Trainee: 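Following this message is one structure expressed as C-alpha cells.
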Amino acid sequence: MTIPDLFAWAFQSRRDQPALDWDRTYTFGEIDARAARMAHVLRARGLQSGDRICIYLSNCLEFIDLYLASTRLGVIFVPVNILYRDREIRHIIGDADPVAVVTSEANQAHIPSGAALWAVEELRREAEAAPELRDAGVADGDFPAAIVYTSGTTGVSKGAVLSHNIFAFNAVNLLTCWRITASDRLLLTLPLFHVHGLGNGIHCWLASGCHLRLTERFEQQRAAGWMLDYGPTVFFGVPTMYVRLLDTAEQAARRIGARMRLFVSGSAPLSAALLEDFRRLFGHTILERYGMSETLMNISNPYAGERRPGSVGLPLPGVSVRNLDPGGNPVAAGEPGELHLKGPNVFSGYWRRPDATRAAFRDGWFRTGDLAVRAPDGYYTLQGRSSDLIISGGFNIYPREIEEFLAEQPGVKEVAVAGAPDTARGEVPVAYIVPCGDVRVAELEMACRTHLASFKAPRSFVLVDQLPRNAMGKVQKHLLPKP
Ligand code: MLC
C-alpha cells in the first residue's frame with residue numbers, strides 16, 4: 001500500500017473535519033489541498049519519482065506539506081535533524097545526493113556550500129498561488145518513501161531506506177494495537193525528522209483521521225499548559241519528556257490524566273521508577289514500546305493487559321523476534337541474547353551501502369545490536385547494547401563520531417567518549433582526553449558546539465594520563481573513571 005492510499009480515507013471522507021491545530025485550525029480538505037499545491041511546486045521545479053529531497057526544518061506546516069507532496073510524487077523524502085551542524089549535514093547531502101535541500105532562511109547558514117538550497121519561505125509563496133496537482137501517479141508500496149539517517153557505528157551515519165509499505169504497516173499496527181481512532185486528539189511535540197514523530201505521529205494522525213496539535217518542539221515550561229488547553233487523548237513522548245512532565249502541579253496532572261487515554265514512551269529506556277512516579281501523578285501507566293529507524297515499531301506493551309515496568313512488551317503483529325548468543329544459537333527464556341527481527345516492518349537496507357546492509361542482516365534477519373531477555377510468558381526486556389551507542393533525550397549518539405572529531409583537534413593525543421547516567425536525559429556523553437602539549441578544554445567544547453549537534457557535545461571533558469586498554473589494545477570504557 002502507498003502512503004497516499006493509506007491517507008485517502010481521511011482526505012476523502014473527512015474533508016470538512018478539523019484535522020490540525022497549528023497557527024489556526026486546518027481541515028483535512030485544507031491539508032490535502034496544500035499537499036496538492038506543494039506537489040505542483042515540486043514537480044514544476046523538476047522533481048521526478050526517485051529523486052531525493054533533503055528537508056532541514058524544525059516542525060512546521062510546510063514540513064507536512066512537503067512530506068505529503070513527496071510521497072504523492074514518488075520523491076524520496078530525506079529528513080535531516082535540525083540540530084545537526086556542518087559535518088553531519090555535509091555527510092548526509094553527499095550520501096543522499098538530493099536535487100535540493102529545503103531549509104528556512106534562518107537556517108541556511110548551516111548548509112554547506114555547493115548544495116542546491118530551496119528556501120521554505122519561497123516554496124510557501126509559490127504553493128499559495130499554485131494549482132493542485134492531482135494526477136501524480138504514485139509508485140507502488142515497495143517504493144522508497146523516505147531515507148532516514150541513523151548514527152552509524154562506524155562514525156558516519158547511514159540512510160535507512162523505508163518503503164511506503166513499511167510506514168503503512170506500522171501505522172495499521174499501531175492504530176489496531178493502541179486503539180487509535182478518528183475520535184482521538186494527538187498532541188505531537190516530537191521532532192518530525194525522526195521516525196518517532198514522522199512514522200508514528202504523522203502516520204497515526206492521517207491513517208486514523210484523528211485530530212492533531214503539532215508544536216514546533218517540546219518545551220518543558222509549556223507542555224502541561226498545552227495538555228490542559230488542548231485536552232489530548234494520546235501523547236507520544238521520549239522518557240526525557242516524561243521526566244520533565246513530573247514538574248506538573250498535582251491538580252493539573254489529574255486534570256490532564258482524566259482526559260488522556262494513552263501515554264506512549266519510546267526511543268530510549270523508560271525506568272521502572274519513572275513509570276511509577278508518572279503513574280502516581282497522572283494516574284496513567286505509560287505504555288512502553290521498542291522501535292528503531294530501520295524497522296519502525298517492533299515490540300510493545302499491550303494496550304489492555306499488563307504494561308510491565310522495565311519491559312518493552314510483546315512482539316507486534318507480523319513481527320518475528322529471535323534472541324541469539326554470539327555463536328548464533330537461540331538462547332533460552334531468561335537468558336540474554338542479541339535481538340534479531342524479521343517482518344514487513346523491516347527495511348530493505350542502507351542507501352547505497354551494500355556492505356553495511358549485508359552486515360546488518362544474518363540469514364534474512366535484521367540484527368538490532370540490542371541485547372534482550374525474553375521472559376517465559378513472552379515479554380521482552382532490553383538489557384543493553386552490543387555496541388556502545390549512547391541515547392540522550394531520545395537522540396542516538398555513536399561515541400566513535402565524537403571521538404573522530406576530537407582526535408582532529410589540537411592538543412588531543414587520544415580520546416574516548418562514553419555515556420554517563422543523567423536523570424533527565426538518560427545518558428549524556430563524556431569525553432576522556434589524553435592530552436599532548438597544551439590542550440584547552442574550553443576550545444574543545446566550543447569546537448564540538450560549533451560543528452556537532454548540541455546533544456553530541458560532551459557534557460564534561462576529563463583529562464587522563466592514558467586510556468585503559470585490554471591486551472588487544474581496545475579501550476575498556478567501563479574502566480574509565482567516573483566524571
Ligand atoms: C532539543 N533541542 C532542540 C530540539 N530538541 N532544538 C530544536 N528543536 C528541537 N526539537 C535542543 C535545545 O535547543 C537545547 O540545546 C538542547 O537541545 C536541550 O534542550 P532542552 O529544552 O533543555 O531539552 P530537554 O528538556 O533536555 O529535552 C530535550 C527533548 C529533546 C526531549 C525535548 O531531546 C527531544 O525532542 N528528543 C526527541 C528525540 C526523538 O524524537 N527521538 C526519536 C528517534 S527515533 P542547547 O544548545 O541549549 O543544549 C527512534 C526510534 C524509536 O529512536 O523507537 O522511536
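Everything quoted here is computed from the prediction, not taken from an experiment. Just so you know, ligand 1 is whichever comes first in the structure, and atom 1 is the first atom listed for that ligand. All values below come from the heavy atoms of this structure, side chains included, with hydrogens, waters and symmetry mates left out.
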Trainee: Among all protein heavy atoms, pick the one closest to atom 35 (O) of ligand 1 and tell me residue, atom and distance.
Mentor: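 Closest protein heavy atom to atom 35 (O) of ligand 1: P191 CD, 3.7 Å.
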Trainee: Report, in ascending order of atom number, the atoms of ligand 1 lying under 4.0 Å from any heavy atom of V195.
Mentor: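 Taking each heavy atom of V195 in turn, ligand 1 has 44 (S), 50 (C) under 4.0 Å.
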Trainee: Do F7 and F167 have ring centres separated by under 6.0 Å?
Mentor: no
Trainee: Assess whether a salt bridge exists between E403 and K477, defined as any Lys/Arg side-chain N lying under 4.0 Å from an Asp/Glu carboxylate O.
Mentor: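 Yes.
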Trainee: Check for me whether the distance between the ring centres of F77 and F63 falls short of 6.0 Å.
Mentor: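 Between F63 and F77, which both carry aromatic rings, the centre distance is below 6.0 Å.
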Trainee: Would you check if the side chain of R307 reaches a backbone N or O of Y303 as a donor-acceptor pair within less than 3.5 Å?
Mentor: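 Flag set: sc R307 to bb Y303 pair under 3.5 Å.
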Trainee: Any protein heavy atom sitting closer than 4.0 Å to atom 39 (C) of ligand 1?
Mentor: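 It does; a protein heavy atom is within 4.0 Å.
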Trainee: Quick one: nearest non-hydrogen protein atom to atom 25 (O) of ligand 1, plus distance?
Mentor: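 Its nearest protein heavy-atom neighbour is R244 NE, 2.6 Å.
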Trainee: Does ligand 1 have an atom that lies less than 4.0 angstrom from a heavy atom of F395?
Mentor: yes
Trainee: Which residues pass the side-chain hydrogen bond (donor to acceptor under 3.5 Å, both in side chains) test with S300, sequence neighbours left out?
Mentor: W178
Trainee: Are any non-hydrogen side-chain atoms of F395 and R425 less than 4.5 angstrom apart?
Mentor: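 No. Closest side-chain heavy atoms not under 4.5 Å.
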Trainee: Which atoms from ligand 1 have a heavy atom of G394 less than 4.0 Å away?
Mentor: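 Reading through ligand 1 atom by atom, the close ones are 38 (C), 39 (C), 41 (N), 42 (C), 43 (C).
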Trainee: At less than 4.0 angstrom from any non-hydrogen atom of F218, what atoms of ligand 1 do you find?
Mentor: 32 (C)
Trainee: So that I know where these two stand, are F263 and F278 an aromatic pair - ring centroids less than 6.0 Å apart?
Mentor: yes
Trainee: Testing V195, N200, N345 one by one against N170 for a side-chain contact (heavy atoms from CB on, under 4.5 Å), which residue passes?
Mentor: N200
Trainee: What's the shortest distance from atom 27 (O) of ligand 1 to any protein heavy atom, and which residue and atom give it?
Mentor: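 So the nearest neighbour among protein heavy atoms is T240 CG2, 3.7 Å.
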Trainee: Taking 4.0 angstrom as the limit and counting only heavy atoms of L190, give me the atoms of ligand 1 inside it, by number and element.
Mentor: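 Numbered from 1, ligand 1 contributes 40 (O).
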Trainee: Can you list everything that forms a salt bridge (Lys or Arg N to Asp or Glu O under 4.0 Å) with R289? Sequence neighbours excluded, please.
Mentor: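 Salt bridge (Lys or Arg N to Asp or Glu O under 4.0 Å) check on R289 returns nothing, list empty.
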Trainee: Where is the tightest heavy-atom contact between V161 and F347, given as atom of each residue plus distance?
Mentor: O-CB, 3.3 Å
Trainee: How about atom 47 (O) of ligand 1: does it have a protein heavy atom within less than 4.0 Å?
Mentor: no
Trainee: With heavy atoms only and a cut-off of under 4.0 Å, state how E216 meets ligand 1: side chain, backbone, both or neither.
Mentor: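 None of E216 does.
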Trainee: Which bit of Q220 gets closer than 4.0 Å to ligand 1, counting heavy atoms only: side chain, backbone, both or neither?
Mentor: neither
Trainee: Is the gap between the ring centers of H203 and Y67 under 6.0 Å?
Mentor: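 Yes.
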Trainee: Numbering the atoms of ligand 1 from 1, which are under 4.0 Å from a heavy atom of H196?
Mentor: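 Close to H196: 42 (C), 44 (S), 54 (O).
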Trainee: Please determine if R289 has a nitrogen or oxygen closer than 3.5 Å to a nitrogen or oxygen of ligand 1.
Mentor: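 The answer is yes, given that R289 and ligand 1 share an N or O pair closer than 3.5 Å.
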Trainee: Please list the nearest protein heavy atom to atom 54 (O) of ligand 1 with its residue and the distance rounded to 0.1 Å.
Mentor: S267 OG, 2.6 Å
Trainee: Which bit of E219 is near ligand 1, meaning a heavy atom under 4.0 Å away: side chain, backbone, both or neither?
Mentor: neither
Trainee: Does L83 approach ligand 1 within less than 4.0 angstrom via side chain, backbone, both or neither, non-hydrogen atoms only?
Mentor: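 It is the side chain that touches ligand 1; the backbone stays farther off.
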Trainee: Ring centroids only, cut at 6.0 angstrom: are H110 and Y84 within range, meaning strictly under it?
Mentor: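 They do not qualify: ring centres at least 6.0 Å apart.
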Trainee: Is R374 positioned over the aromatic face of Y379, cation under 6.0 angstrom from the ring centre and no more than 45 degrees off axis?
Mentor: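 Pair R374/Y379 does not count as cation-pi.
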Trainee: Quick one: look up the protein heavy atom nearest atom 37 (C) of ligand 1 and list residue, atom name and how far away it is.
Mentor: G393 O, 3.5 Å
Trainee: What protein heavy atom is closest to atom 23 (O) of ligand 1, reported as residue, atom name and distance in Å?
Mentor: R425 NH2, 3.8 Å
Trainee: To the nearest 0.1 Å, how far is atom 13 (O) of ligand 1 from its closest protein heavy atom, and which atom is that?
Mentor: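 Atom 13 (O) of ligand 1 sits closest to the protein heavy atom R217 NH1, 3.5 Å.
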Trainee: Have a look at ligand 1 and work out which part of S454, if any, has a heavy atom under 4.0 Å from it: side chain, backbone, both or neither.
Mentor: side chain
